[in-house]
Visitor: 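The structure under discussion is supplied below as structure tokens; questions concerning it will follow.
Order of listing sets the numbers, starting from 1, for every ligand and every atom in it.
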Amino acid sequence: MSEISDAQSEQTIQQRSLAKYRKRAAAYDASCGPTWPIRERAIAALCLQAGQRVLDVGCGTGLSLELLRAGVGAGGRVYGCDQSPEMLTLACRRQAEAGWDNVHLLHSAAQQLELPEPVDALLFHYTHDVLRSPVALARILGCARPGARVAIAGIKYFPAWLAPLNLWVYFKNHGYNGAPGELGTPWDRILPALDDWRMTPTQFGMGYIGTGRVAAANAA
Ligand SMILES: C[S@@+](CC[C@H](N)C(=O)[O-])C[C@H]1O[C@@H](n2cnc3c(N)ncnc32)[C@H](O)[C@@H]1O
């Protein structure tokens, strides 16, 4: 594909996602109960330490913020970014109500994100569109220090023996993403930028948690 059509399809995917989350935002939190243990596991895998800086990529309504803040403590900093104004408004409300002054929320697509400092850890929790965008990935990795810990959780296709269920997985994913599909190995575009990659299937194989570290060549 040419650079122009790449950029056009990138914009189309972002527009589709924005439209989906405009409708989904209000009911989003209520739909996240079943994946709460996955969120806890992914955040635990970041092994956050007091004073560190962490970025919640596509932070949505901010459901991970409290756990991330607990990890870095009052002396650390939590950044969150999301392109959906409806989702980010709910995250900002959560932050304001809790009075977290070390949580900084940015209304920005991952593709254009700018942070004031490199972070020590990156969380991608159910952010399929960001993981499929090379432009967004380059930008996010450039916001991290070399060796920064990365945790990724999301949906993927079941293994071959459960393949008939993958039509359902596809349509489930379709409701949330501008670029549905590509669910075989959804992490494969970030993989070349990471060291120490480990992937653990979850939910009988229709989910995964992956961890790694940002390789020096791709970092800030
Ligand atoms: C399934 S939600 C996950 C939200 C949150 N990470 C969570 O775990 O609850 C996906 C989020 O990614 C955001 N998103 C999608 N594409 C994005 C992009 N290119 N840049 C920033 N955010 C994006 C959506 O607006 C949405 O809030």
Side-chain angles (χ1 to χ4, degrees), residues 6-46 54-69 78-95 103-115 121-143 150-156 169 172-180 182-183 186 189-190 202-203 206-210:
D6 278 352
Q8 279 169 345
S9 72
E10 185 95 24
Q11 279 180 7
T12 306
I13 291 165
Q14 287 187 249
Q15 292 304 324
R16 280 197 212 127
S17 171
L18 283 166
K20 288 182 183 181
Y21 285 98
R22 196 167 298 133
K23 293 188 191 142
R24 282 203 171 269
Y28 181 79
D29 288 5
S31 69
C32 290
T35 49
W36 193 259
I38 308 276
R39 187 185 301 277
E40 290 178 328
R41 281 173 59 189
I43 293 172
L46 290 174
V54 58
L55 170 63
D56 187 1
V57 181
C59 65
T61 63
L63 285 172
S64 295
L65 296 176
E66 186 169 9
L67 292 172
L68 293 172
R69 193 174 175 278
V78 178
Y79 294 97
C81 74
D82 204 288
Q83 68 168 5
S84 159
E86 293 80 8
M87 295 291 273
L88 197 75
T89 295
L90 296 174
C92 290
R93 188 180 301 165
R94 193 185 299 279
Q95 176 211 20
V103 174
H104 305 279
L105 298 174
L106 299 135
H107 180 214
S108 172
Q111 287 84 342
Q112 280 95 40
L113 185 66
E114 285 181 22
L115 293 185
L122 296 170
L123 176 67
F124 296 82
H125 191 266
Y126 286 78
T127 55
H128 184 75
D129 283 342
V130 177
L131 286 176
R132 302 312 299 161
S133 163
V135 178
L137 288 177
R139 193 80 186 193
I140 296 296
L141 291 163
C143 290
V150 178
I152 308 173
I155 191 169
K156 71 173 188 62
V169 175
K172 192 169 168 55
N173 181 260
H174 197 279
Y176 288 88
N177 292 302
E182 300 189 309
L183 290 163
R189 291 193 174 148
I190 195 172
T202 63
Q203 300 138 298
M206 72 160 269
Y208 67 96
I209 296 176

Visitor: I'd like to know whether L68 forms a side chain to side chain contact (heavy atoms under 4.5 Å, CB included) with L46, so could you lay out the CA-CA distance, the side-chain angles of the two residues, the decisive distance to 0.1 Å, and finally the verdict.
Guide: CA-CA 9 Å; L68 293 172; L46 290 174; 4.1 Å; yes
Visitor: Tell me whether K20 is salt-bridged to D129, with the criterion being a basic N under 4.0 Å from an acidic carboxylate O.
Guide: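 Between D129 and K20 there is no salt bridge, as every charged N stays at least 4.0 Å from the carboxylate O atoms.
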Visitor: Using heavy atoms and a cut-off under 4.0 Å, could you grab the residues that are in contact with ligand 1, chain by chain, numbers ascending?
Guide: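 For ligand 1, the residues that come within the 4.0 Å heavy-atom cutoff are S17, Y21, Y28, R39, G58, C59, G60, D82, Q83, S84, M87, S108, A109, A110, Q111, H125, Y126, D129, V130.
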Visitor: For the residue pair Y176 and Y28, categorise the inter-ring angle as parallel (less than 30°), tilted (30 to 60°) or perpendicular (more than 60°).
Guide: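 Perpendicular, since the angle between the ring planes exceeds 60°.
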Visitor: How long is the straight-line distance from CD of E40 back to NE2 of H125, given to the nearest 0.5 Å?
Guide: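 Result: 9.5 Å between the selected atoms.
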Visitor: Can you list the steps and then say if L105 with L65 is a side chain to side chain contact (heavy atoms under 4.5 Å, CB included)?
Guide: CA-CA 10 Å; L105 298 174; L65 296 176; 4.0 Å; yes
Visitor: Check the side chains of S133 and E10 for a donor-acceptor pair under 3.5 angstrom, ignoring hydrogens and angles.
Guide: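 Yes - a donor-acceptor pair under 3.5 Å links their side chains.
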